[in-house]
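In what follows, every chain begins at residue 1, and chains take the letters A, B, ... in the order their sequences are listed.
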Amino acid sequence: MSTAAQLKELLASKIRASLEQAIQDGELRVDELPDIQLESPRDKSHGDFASNIAMVLAKPARMAPRAIAQMIVDRLRDPMIERLDIAGPGFINFSLSHQWLYDLLTLVHDQGSEFGASNDGEGEKVLLEFVSANPVGPMNVVNARAAAVGDTVARLMRAAGYEVGTEYYVNDAGNQAGIFGRSLEARYRQLQGEDIDFPEDGYPGDYVTELAQRLLQEAVPLEDMKPDERETFFKRWGTDRMVEQQQQDLAAYGVTFDVWFRERELHAAGALEEIIELFKSKGYMFEEDGALWFRSTQFGDDKDRVIIKQDGAYTYVTADIAYHYDKLKRGYTKLIDILGPDHHGYIGRMRAAVQALGYSSEAFEVLILQYVALLRNGQQVKMSKRAGEFITMQDLLDEVGKDAARYFFLMRSPESHLDFDLSLAAEQSSENPVFYVQYAHARICSMLRQAGEAGHGVLDTRQAPLDALQRPEELDLIKKMAELPEEIAAAARYREPHRIARYALDFAGLFHSFYTHCRVLGEEPAVRDARLVLVAAVQVVLRRVLDLLGVDAPETM
RNA sequence: GCGCCUGUAGCUCAGGGGAUAGAGCAUCGGACUUCUAAUCCGAGUGCCGCAGGUUCGAUUCCUGCCAGGCGCGCCA
């Protein structure tokens, strides 16, 4: 039982053995053998697997690629290999007997919802931080994109053998949290009938007033507090409520975090002072213009960064350094931050900080998501924060639903600008790719239901007459399944969830094509039983893939 | 000015050293007495932004340029 990845390794070792034999025979002269790569050819006429090794060796061996290929082919014998062709400029194409595909169905059924897993990540401890929207207002569509991408990257990395923690960093101690607290207090007092001005830089949204109303109903004895206690109270109570809201919204979106990390806890633990002392002792700090600076340019940043402002307050960078230090001290060897497009300037300073803390710059990695343009009926939706006209994450989910939202965000490569067509996403039609995939799953459920009612269960794969599967539609489906482990591993390694969204679409397409061309129920028993095993395996794979994307797999549509 | 992202079919986007460059949508033409037609089958379209370079081979890697988007706080 082998996946495509395992077979590639096997074939590579056979090629290597042939080459070594050729060297021994004195027919080939090279200093060393390069890595032997096998690929899954796009074009079916090129066999199951193909290698370009003859072309790679052409120069060092000073021989024609096709002659090298012939030399390899002459020495390659294996019962598994049905046909070997030399094609084009010197490709070696392998056509295998169908047995490996039948075996793969057994593997899929044995592994079930685990199918596709690998140990590509070798247990590397990765901390994935994403969204981390300030707890002072509703989340926006870039936050929604970050949530979908981050959550699916985490799922993919776990499937690919990484040890992943997910975190949401709550900026509940900074400037903006303070402004938010003052905004809330102002609304609260206005509701009590006081005639006071709303802070000039305050948050104008209705949600602040709604929170103030809620606080009023809770009848907290604020009169007994001193002014600074009141300020702390409003800030803390307000941001805590916002965090609760964010947690709810994200959970409804299928996104949960292992840890919600509060900035204020860093402050309370003295973590910022610790950083300052550490950097001072290492000579990375200097004073200028009444402020304390981190000489980040020493580590490749484009300018130095203020750590303590003239007014004695810390900057956000200080807390962020402390936070990342905390992550590193917890044993994570790779910190991945998923950030919005307005934060790319942040990479240099954090990378500098990580190095200053004594870690490799490679321990810190940033995935920058690009801008999301919302379209409705082909027109771009204009948003103005100042006028309070913007589409929140919640609006988006209300309009298109969780599954379409996640799928649309995951469809595109994370670092590409994204045109999100709200009209299309909300449409329950064939034009909407998410339904296309879900429909494949629903169709399978319906078939298996009817098969079961007719008394035809899915046989154990070892009992089923799988060699009845001979049609290209059947074999193509299985081949595609065989590629899932490498697809997941690649998607995890490059942090590219769109590979899986595309895989889902392609795989569903293969199934729909099979469905049209091959009947299951009503065929002669051997064909029926073999196809039922196949269809059940397709169901397993579709569920796996949809689960990785965080999209539901409905049984009926 | 500097930095990040993006230029591939009419539109939205895949493909990131290899064999005739792909998908969806849109357009046109077919396929339901049979497991869900939310489906399938067929048809056309491309100086892969431009110019150099590396390579046996470049849409893919490197450099420069052009175009678009977004950043460049003692805000986060």
Side-chain angles (χ1 to χ4, degrees), chain A residues 37 39 41-43 45-46 50 52 55-59 64-65 87-91 93 132-134 136 169 171 174-177 179 201 263 288-293 302-303 305-317 319-320 340-348 366 368-371 373 375 378 411-421 424 427-436 438-440 442-451 454 473 494 498-499 501-502 505-506 508-509 511-523 528 531-532 535 556-557:
Chain A
Q37 301 292 335
E39 59 172 295
R42 209 182 182 85
D43 187 332
S45 67
H46 297 148
N52 65 350
M55 278 121 77
V56 175
L57 280 171
K59 192 164 193 193
F91 288 99
N93 294 335
S132 298
N134 279 335
V136 297
Y169 178 59
N171 286 103
N175 230 337
Q176 300 192 0
I179 295 168
D201 53 359
E263 180 185 355
E288 197 174 287
D289 302 331
L292 185 67
W293 298 67
D302 50 6
K303 54 180 91 159
R305 305 294 165 179
V306 170
I307 291 293
I308 300 180
K309 295 186 272 187
Q310 277 181 350
D311 66 4
Y314 299 111
T315 62
Y316 75 94
V317 186
D320 276 357
D342 48 338
H343 282 67
H344 86 262
Y346 172 97
I347 301 172
V366 178
I368 293 283
L369 300 177
Q370 294 300 320
Y371 183 67
L375 304 175
M411 233 169 21
R412 304 293 179 227
S413 117
E415 303 202 343
S416 297
H417 302 264
L418 173 67
D419 281 349
F420 193 118
D421 188 332
L424 177 61
E427 212 172 298
Q428 308 215 347
S429 80
S430 56
E431 287 152 42
N432 190 337
V434 70
F435 285 100
Y436 183 85
Q438 290 181 314
Y439 181 48
R443 266 185 152 175
I444 290 170
C445 292
S446 171
M447 284 170 87
L448 294 178
R449 214 158 37 229
Q450 291 178 49
E473 291 87 357
Y494 302 116
H498 69 286
R499 289 166 180 263
R502 176 155 285 267
L505 204 58
D506 291 345
F511 172 75
H512 285 307
S513 181
F514 161 82
Y515 183 91
T516 307
H517 295 107
C518 305
R519 285 196 59 79
V520 178
L521 273 37
E523 289 291 309
R528 179 198 64 211
R531 285 183 178 164
L532 280 173
V535 166
T556 57
M557 289 185 74

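The listed nucleotides are B/rC74, B/rC5, B/rC75; the one nearest the side chain of A/Asp289 is B/rC74. Closest to the side chain of A/Lys303, out of B/rG73, B/rG18, B/rC5, is B/rG73. Candidate nucleotides B/rA76, B/rU39, B/rC56 were compared by shortest atom distance to the side chain of A/Lys59, and B/rC56 ranks first. Among B/rC4, B/rA38, B/rC56, the nucleotide with an atom closest to any side-chain atom of A/Phe435 is B/rA38. Nearest nucleotide to the side chain of A/Trp293, out of B/rA76, B/rC74, B/rA37: B/rC74. In the set B/rC56, B/rG15, B/rC40, the nucleotide with an atom closest to the side chain of A/His498 is B/rG15. For A/Ala87, counting side-chain heavy atoms from C-beta on, the closest listed nucleotide (B/rA19, B/rC74, B/rA14) is B/rA19. In this structure, of B/rC40, B/rC35, B/rG22, it is B/rG22 that holds the atom nearest to the side chain of A/Arg502. The A/Ala50 side chain lies nearest to B/rA19 when the options are B/rA76, B/rA19, B/rC74. The side chain of A/His417 lies closest to B/rC5 when the candidates are B/rC5, B/rC13, B/rC35.
Residue contacts for A/Val535: at a heavy-atom cut-off of 4.0 Å it reaches no nucleic acid atom on any strand shown. Residue A/Asn93 is in base contact, counting any heavy-atom pair closer than 4.0 Å across all strands shown. Residue-level contact check: A/Cys445 touches neither bases nor backbone, having no heavy atom under 4.0 Å from any strand. Using a 4.0 Å heavy-atom cutoff across all strands shown, A/Ala442 reaches at least one base atom of the nucleic acid. Residue-level contact check: A/Ser413 touches the backbone only, with heavy atoms under 4.0 Å from sugar-phosphate atoms and none from bases. Looking at heavy-atom distances under 4.0 Å, A/Tyr346 makes no contact with the nucleic acid at all.
A donor-acceptor pair under 3.5 Å links the side-chain atoms of A/His512 to the main chain of A/Tyr436, judged by distance alone. The backbone N or O of A/Asn52 sits nowhere less than 3.5 Å from a side-chain atom of A/Gln37 that would complete a donor-acceptor pair. In this structure, A/Arg531 contributes its side chain and A/Arg519 its backbone to a donor-acceptor pair below 3.5 Å.
Atom CD of A/Gln176 and atom C1' of B/rC75 are 6 Å apart (whole Å). Following rounding to the nearest Å, A/Glu415 (CD) and B/rC70 (P) show an atom-to-atom distance of 18 Å. Between the CE atom of A/Met411 and the C1' atom of B/rA23 there is a distance of 11 Å, rounded to whole Å. Atom CG of A/Asp43 and atom P of B/rA19 are 10 Å apart (whole Å). We find that CZ of A/Arg42 is positioned 5 Å from C1' of B/rG22, with the value rounded to whole Å. In this structure, the NE2 atom of A/His517 is 11 Å from the C1' atom of B/rG42, given to the nearest Å. Rounded to an integer number of Å, the gap from CD of A/Gln438 to C1' of B/rA38 is 11 Å. What separates CG of A/Asn134 from C1' of B/rC75 is a distance of 10 Å, to the nearest Å.
On a pure distance criterion of 3.5 Å, a polar donor-acceptor pair joins the side chain of A/Asn52 and the base of B/rG18. A donor-acceptor contact under 3.5 angstrom links the side-chain atoms of A/His343 to the base of B/rA76.
Taking the P atoms as reference points, B/rG71 lies 36 Å from B/rA23, given to the whole Å. Taking the C1' atoms as reference points, B/rC66 lies 15 Å from B/rG52, given to the whole Å. Comparing the P positions of B/rC5 and B/rA14 gives a spacing of 15 Å, expressed to the nearest Å. Rounded to the nearest Å, the gap between the P atom of B/rC35 and that of B/rA43 is 28 Å. Comparing the P positions of B/rU45 and B/rG18 gives a spacing of 24 Å, expressed to the nearest Å. Comparing the C1' positions of B/rU8 and B/rG49 gives an interatomic distance of 10 Å, to the nearest angstrom. Rounded to the nearest Å, the gap between the P atom of B/rG30 and that of B/rC62 is 49 Å. Atom C1' of B/rU63 sits at a distance of 11 Å from the matching atom of B/rU54, rounded to the whole Å.
Looking at A/Leu521 and A/Gln450, their side chains come closer than 4.5 Å, going by heavy atoms from C-beta outward. A/Gln370 has its side chain within reach of A/Pro341: a pair of non-hydrogen atoms, C-beta onward, lies under 4.5 Å apart. At a threshold of 4.5 Å between non-hydrogen side-chain atoms, the residues A/Tyr316 and A/Gln176 do not count as touching.
Taken from CZ in A/Phe420 to CE in A/Met411, the straight-line distance is 8.0 Å, to the nearest 0.5 Å.
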Residues A/Phe514, A/Val520; criterion side chain to side chain contact (heavy atoms under 4.5 Å, CB included); working and verdict: CA-CA 10 Å; A/Phe514 161 82; A/Val520 178; 4.2 Å; yes
Audit row: A/Val535, A/Leu448, side chain to side chain contact (heavy atoms under 4.5 Å, CB included) steps and yes/no: CA-CA 8 Å; A/Val535 166; A/Leu448 294 178; 4.2 Å; yes
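Under the Watson-Crick and G-U wobble criteria, each requiring two contacts below 3.5 Å, nucleotide B/rG46 is left unpaired. A 3.5 Å limit on both hydrogen-bonding distances identifies no Watson-Crick or G-U partner for B/rG16. With a cut-off of 3.5 Å on both pairing distances, the Watson-Crick or G-U wobble partner of B/rG7 is B/rC66. For B/rU39, the paired base is B/rA31 (Watson-Crick or G-U wobble, both distances below 3.5 Å). Nucleotide B/rG1: paired with B/rC72 (Watson-Crick or G-U wobble, both distances less than 3.5 Å).
Both tests pass for A/Arg443 against the ring of A/Tyr515: distance under 6.0 Å to the centre and angle within 45° of the axis.
Along RNA chain B, the nucleotide closest to A/Arg412 and the one closest to A/Pro89 are compared, and the more 5′ of them pairs with A/Arg412. Across the interface with RNA chain B, nearest-nucleotide mapping of A/Glu39 and A/Gly290 shows A/Glu39 to be the residue nearer the 5′ end.
With a glycosidic angle no more than 90° from 0, B/rC32 adopts the syn conformation.
Ring-base stacking between A/Phe91 and B/rA19 is satisfied, the centre separation being under 5.5 Å and the plane angle under 30°. The aromatic ring of A/His46 is stacked on the base of B/rA19, with the two ring centres less than 5.5 Å apart and the planes inclined by under 30°.
When the side-chain nitrogen and oxygen atoms of A/Arg443 are compared with OP1 and OP2 of B/rA37, one or more of them lie within a distance under 4.0 Å. For B/rC41, one of the phosphate oxygens OP1 or OP2 lies less than 4.0 angstrom from a side-chain nitrogen or oxygen of A/Ser513. For the pair A/Tyr515 and B/rA38, the criterion of a side-chain N or O lying under 4.0 Å from OP1 or OP2 is not met.
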